[in-house]
**Student:** 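Provided herewith is a single structure, encoded as structure tokens, for subsequent inquiry.
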Amino acid sequence: MIISPRNTQALAVTLLGGATGLTLAILVFVIVFILGKGLPVISLGFLFDNPQEMGKAGGIFPTLVGTLILPLVAIFIALPAGVGTAVYLSEYTVENPATRIIRFGTDCLAGIPSIIFGLFGFIFFVTTLKMGWCILSGALTLAIMVLPTIIRTSEEAIKAVPASYREVSCSLGATRWETVLKVVLPNALPGIVTGVMLSIGRCIGETAAVIFTAGASLRLPHSVFDSTRTMAVHFYILAREGISNENAYGTAAVLILSVLLVNSLSYWMMNRFIARRTK
Amino acid sequence: MALAFTALTSLLLIAIFIFKEGVPFIARVGFKDFLLSSDWRPQAGHFGIYPMIIASLLVTFGAMLVGAPLGIACAVFLNEFVSKPATRIIKPTIELLAGIPSVVYGFIGVVVVAPLIRSQFGGPGLSMLCASLILGVMVLPTIISISTDVLASVPNAYREGALALGATRWQSVHMVILKAGRSGIVAAVILGMGRAIGETMAVIMVAGNTVQLPHSALDSVCTLTAKIAMEMGSATGPHRQALFAIGVVLFLMIMMFNALAMSAIKQRFAGK
């Protein structure tokens, strides 16, 4: 039997649409499942109390603090390096072997899995530099991990600033550096912030690179030289060691909500940025 | 100027420090005994990682059986058969999949997928099959977003040409557009493989972590990444060096995947 092209098309569209539907269904299922089991656990007490018996009871307050601080310190380190690289690549040089090597390095770095970052952070920051398990070790490791994201998004944002802006600035007697600082970067800011938000989202969800560098202490950190435990690590330990399924669901729900919030914000900013550019 | 080399310096530092710990160890144990022996008993001084290499490759392959068809189908559907405004809503939604932390996927694997496998097919549940299914879903965003970009970059003239010759939309897709975007889609799948082989936390939770050569998809396996992450906390001396040596193997595998993907992309631009 020969199926007519029209019917083949109908079949193909059904299958492809089914695949897309399935993908969306998986996404909705994951989110609804975790939130459905986790939201009832969340209360003010859960968010702001200290954990008891290694997280079996009590709240998740220290991990909330850890999840807030670690990405912020990481961004604080990665931002100057990433934006600096992007400015150099797009404003101060043309394509040459050096920029090709930088781009190649960035691409390679982007492909390295988080467990390798964890191994490296452990042997370099924790052991060789004798920093121990602390927020700073974790943040430095995460900073390297998100560097490619920040470089790429910043470079895109900087490239999108119209050349005429630079020409006007230079014709007014501004130096190249003044142009970068006062004209290019302010106009590229929304794009750069998008990259930062994406990076924060990635840091919040990260486990493998954090657990070997920032440690898993449940005490409230007093400085960047203290160990801390992020929500993702806390959730992993609760679930893996079967400490408390209830608190694991609660932590997962807070974790997913934070990541979704940060990522949605970054998409929203990106869309606004694109809309403004095409205006 | 100096800042611009941060990424490159970091990459070199990572490579140097992991190789410095791992390579002398491999040299001491012997290349063959390390890579091709199945005997992993760190306390007795046996460090064979062959079963873990096989496990990593099989789990990754399984993940691709799930993720590649699903991801490419999604990309084709979104790019060729759905109106632009709808795509603008669906695509970011799918990209949210990428934002869900890997531990959450692992947890879903433990509490939903593994019990299902256990009751339907028997076996321990936490298995190669479970790991492949979870990883297959986890690589979807990578495959979908790169494939969509690739399909979007196929010139419209190709589509119009095919349609003008009387092809249906589907014929134009599978006879013309997929052919034109082939190398880019291959690159998307390879990058997805890189992600799958490097994934750690989700795999530890769902793969069962028994060091053995699996006989079926329902057997429990231990991947390279899982071995590193599970034993890193307590390992000392040669045992720790062995874990770094596994890191070296993993690093080289990933670099190979990335190089393959990059050359596929380059080929694509060279062909234009």
Side-chain angles (χ1 to χ4, degrees), chain A residues 5-6 8-9 12-13 15-17 19-20 22-24 26-27 30 33-34 80-81 84-85 88-89 92 101-102 105-109 111-116 118-120 122-124 128 144 147-148 151 201 204-208 212 232 235-236 239-240 248 252 255-256 259-260 263 267, chain B residues 1 3-8 10-11 13-14 17-18 21 69-70 73-74 76-78 81 90 92-94 96-97 99-105 107-108 110 112 137 140 144 168-171 174 191 194-195 198-201 204-205 225 228-229 232 243-244 247 250-251 254-255 257-258 262:
Chain A
R6 202 178 292 274
T8 330
Q9 157 134 333
V13 172
L15 285 176
L16 295 174
T20 313
L22 181 62
T23 306
L24 288 172
I26 294 171
L27 175 73
V30 170
F33 182 82
I34 295 287
T85 307
Y88 174 74
L89 284 177
Y92 283 92
I101 290 178
I102 293 174
T106 313
D107 285 344
C108 286
L109 204 58
I112 291 181
S114 48
I115 183 73
I116 299 275
L119 272 182
F120 167 72
F122 176 72
I123 197 72
F124 188 62
T128 308
I144 297 178
L147 200 55
I151 293 178
I204 292 179
E206 185 52 52
T207 316
F212 298 122
F235 167 61
Y236 171 72
R240 175 116 179 97
L255 183 64
I256 282 205
V259 174
L260 290 186
N263 283 4
Y267 282 117
Chain B
M1 168 78 203
L3 279 177
F5 287 94
T6 330
L8 197 65
S10 312
L11 181 72
L13 273 179
I14 291 173
F17 271 84
I18 289 182
E21 287 290 304
L70 206 54
C74 274
V76 170
F77 188 69
L78 290 180
F81 293 103
I90 299 175
T93 312
I94 288 179
L96 281 183
L97 263 176
I100 297 176
S102 52
V103 276
V104 172
Y105 283 110
F107 191 58
I108 294 279
V110 174
V112 181
V137 171
L140 280 177
I144 293 175
T168 62
R169 228 154 211 239
W170 168 243
Q171 281 173 332
H174 85 98
L191 286 174
R195 274 217 56 191
E199 178 48 51
T200 311
M201 295 331 245
I204 293 189
M205 293 169 92
T225 50
I228 300 177
M232 197 59 215
L243 297 180
F244 275 88
L250 195 61
F251 189 90
I254 303 254
M255 283 299 151
F257 280 135
N258 285 356
M262 277 185 211

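Only heavy atoms go into these numbers, but all of them, side chains included; no hydrogens, no water, no symmetry mates. Convention: sequence-line order gives letters A, B, ...; per-chain numbering from 1.
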**Student:** Restricting to non-hydrogen atoms, name the atom on B:Leu70 and the atom on A:Ala19 that form the minimum distance, rounded to 0.1 Å.
**Tutor:**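 Nearest heavy atoms, B:Leu70 then A:Ala19: CD1-CB, 3.7 Å.
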
**Student:** Shorter than 4.5 Å, heavy atoms on both sides: which option in A:Ile151, A:Leu22, A:Leu255 has the most such pairs with chain B?
**Tutor:**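 Among the listed options, the one with the most contacts to chain B is A:Leu255.
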
**Student:** A side-chain contact here means heavy atoms from C-beta on lying under 4.5 Å apart; do B:Trp170 and A:Val13 qualify?
**Tutor:**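 In short, these two side chains do not touch, never coming nearer than 4.5 Å.
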
**Student:** Considering only heavy atoms, which portion of B:Val137 lies under 4.5 Å from any heavy atom of chain A: side chain, backbone, both, or neither?
**Tutor:**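 Side chain only.
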
**Student:** Please state whether the side chain, the backbone, both or neither of A:Pro80 comes within less than 4.5 Å of a heavy atom of chain B.
**Tutor:**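 Only the backbone of A:Pro80 comes within 4.5 Å of chain B.
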
**Student:** Heavy-atom distances under 4.5 Å only: say whether A:Leu15 touches chain B with side chain, backbone, both or neither.
**Tutor:**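 Answer is neither: A:Leu15 stays 4.5 Å or more from chain B.
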
**Student:** Using heavy-atom distances under 4.5 Å, tell me whether B:Phe81 contacts chain A through its side chain, its backbone, both, or neither.
**Tutor:**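 The side chain, not the backbone.
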
**Student:** From A:Phe122 CZ over to B:Ile228 CD1, what is the distance, rounded to the nearest 0.5 angstrom?
**Tutor:**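 Going from the CZ atom of A:Phe122 to the CD1 atom of B:Ile228 covers 12.5 Å.
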
**Student:** For the residue pair A:Gly111 and B:Asn258, what are the closest heavy atoms and their distance?
**Tutor:**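 It is CA-ND2, 3.5 Å.
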
**Student:** Using heavy-atom distances under 4.5 Å, tell me whether A:Phe235 contacts chain B through its side chain, its backbone, both, or neither.
**Tutor:**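 The side chain, not the backbone.
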
**Student:** Please give me the minimum heavy-atom distance between B:Thr6 and A:Ala81, naming the atom from each residue.
**Tutor:**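 Of all heavy-atom pairs spanning B:Thr6 and A:Ala81, the closest is OG1-CB, 3.7 Å.
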
**Student:** With only heavy atoms counted, which part of B:Thr93 is less than 4.5 Å from chain A, the side chain, the backbone, both or neither?
**Tutor:**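 Both backbone and side chain.
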
**Student:** Do you know which of B:Glu199, B:Arg169, B:Gln171 has the most heavy-atom pairs with chain A at a distance under 4.5 angstrom?
**Tutor:**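 So the answer, after comparing B:Glu199, B:Arg169, B:Gln171, is B:Arg169.
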
**Student:** Does a side-chain heavy-atom distance below 4.5 Å link A:Ile115 with B:Met201?
**Tutor:**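 Counting from C-beta outward, A:Ile115 and B:Met201 never come under 4.5 Å.
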
**Student:** List the atom of A:Thr20, the atom of B:Ala73, and the distance in Å for their closest heavy-atom pair.
**Tutor:**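 Minimum heavy-atom contact is OG1-O, 4.4 Å.
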
**Student:** Using the test side chain to side chain donor-acceptor pair (under 3.5 Å), find all partners of A:Thr106 that sit at least two apart in sequence or belong to another chain.
**Tutor:**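 Not a single residue meets the side chain to side chain donor-acceptor pair (under 3.5 Å) criterion with A:Thr106.
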
**Student:** Can you tell which of B:Pro69, B:Gly198, B:Cys74 has the highest number of heavy-atom pairs within less than 4.5 Å of chain A?
**Tutor:**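 It is B:Cys74.
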
**Student:** Given heavy-atom pairs under 4.5 angstrom as the criterion, report whether the side chain, backbone, both or neither of A:Ile144 touches chain B.
**Tutor:**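 Contact with chain B: side chain only.
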
**Student:** For residues B:Pro101 and A:Gly205, report the shortest heavy-atom separation together with the two atoms involved.
**Tutor:**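 Closest approach of B:Pro101 to A:Gly205, heavy atoms only: CB-O, 3.5 Å.
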
**Student:** Is there a side-chain contact between B:Ile14 and A:Leu109 (heavy atoms, below 4.5 Å)?
**Tutor:**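 Sidechains of A:Leu109 and B:Ile14: in contact.
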
**Student:** What part of B:Leu96 gets within 4.5 angstrom of chain A, counting heavy atoms only: side chain, backbone, both, or neither?
**Tutor:**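 Both backbone and side chain of B:Leu96 come within 4.5 Å of chain A.
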
**Student:** Answer yes or no: is there a side-chain heavy-atom contact under 4.5 Å between B:Thr168 and A:Thr8?
**Tutor:**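 Counting from C-beta outward, B:Thr168 and A:Thr8 never come under 4.5 Å.
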
**Student:** Out of B:Ile108, B:Leu243, B:Ile90, B:Ile94, which one racks up the most heavy-atom pairs below 4.5 Å with chain A?
**Tutor:**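 Most heavy-atom pairs within the cutoff with chain A belong to B:Ile108.
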
**Student:** Mind checking the CG-CD1 spacing from B:Leu13 to A:Ile123? Nearest 0.5 Å is all I need.
**Tutor:**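 One gets 13.0 Å once the value is rounded to the nearest 0.5 Å.
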
**Student:** Tell me, for A:Ile116 versus chain B, whether the close heavy atoms (under 4.5 Å) come from the side chain, the backbone, both or neither.
**Tutor:**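 Both parts, backbone and side chain.
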
**Student:** With a 4.5 angstrom heavy-atom cut-off, could you sort out which part of A:Ile26 is near chain B: side chain, backbone, both or neither?
**Tutor:**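 For A:Ile26, the side chain is the part near chain B, not the backbone.
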
**Student:** Starting at CG of A:Leu119, measure out to CG of B:Leu250 and round the result to the nearest 0.5 Å.
**Tutor:**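 Going from the CG atom of A:Leu119 to the CG atom of B:Leu250 covers 8.5 Å.
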
**Student:** Give, as side chain, backbone, both or neither, the part of A:Leu27 having an atom under 4.5 angstrom from any heavy atom of chain B.
**Tutor:**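 Both parts, backbone and side chain.
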
**Student:** Looking only at heavy atoms, which two atoms of A:Cys108 and B:Leu11 are closest? And how far apart?
**Tutor:**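 Scanning both residues, the minimum pair turns out to be CB-CD2, 3.8 Å.
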
**Student:** What is the distance from atom CZ of B:Phe5 to atom CD1 of A:Ile101, rounded to the nearest 0.5 Å?
**Tutor:**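 Nearest 0.5 Å value for the CZ-CD1 distance: 7.5 Å.
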
**Student:** Heavy atoms, side chains only, cut-off 4.5 Å: are B:Ile144 and A:Thr23 in contact?
**Tutor:**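 B:Ile144 vs A:Thr23: side chains touch.
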
**Student:** Give the member of B:Ser102, B:Gly247, B:Ala229 that has the highest number of heavy-atom pairs under 4.5 Å with chain A.
**Tutor:**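 So the answer, after comparing B:Ser102, B:Gly247, B:Ala229, is B:Ala229.
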
**Student:** Please enumerate all residues that pass side chain to side chain donor-acceptor pair (under 3.5 Å) together with B:Ser10, with sequence neighbours excluded.
**Tutor:**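 Residues passing side chain to side chain donor-acceptor pair (under 3.5 Å) with B:Ser10: none at all.
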
**Student:** For chain A, which candidate among B:Leu191, B:Val112, B:Thr225 shows the most heavy-atom pairs at distances under 4.5 Å?
**Tutor:**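 That would be B:Val112.
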
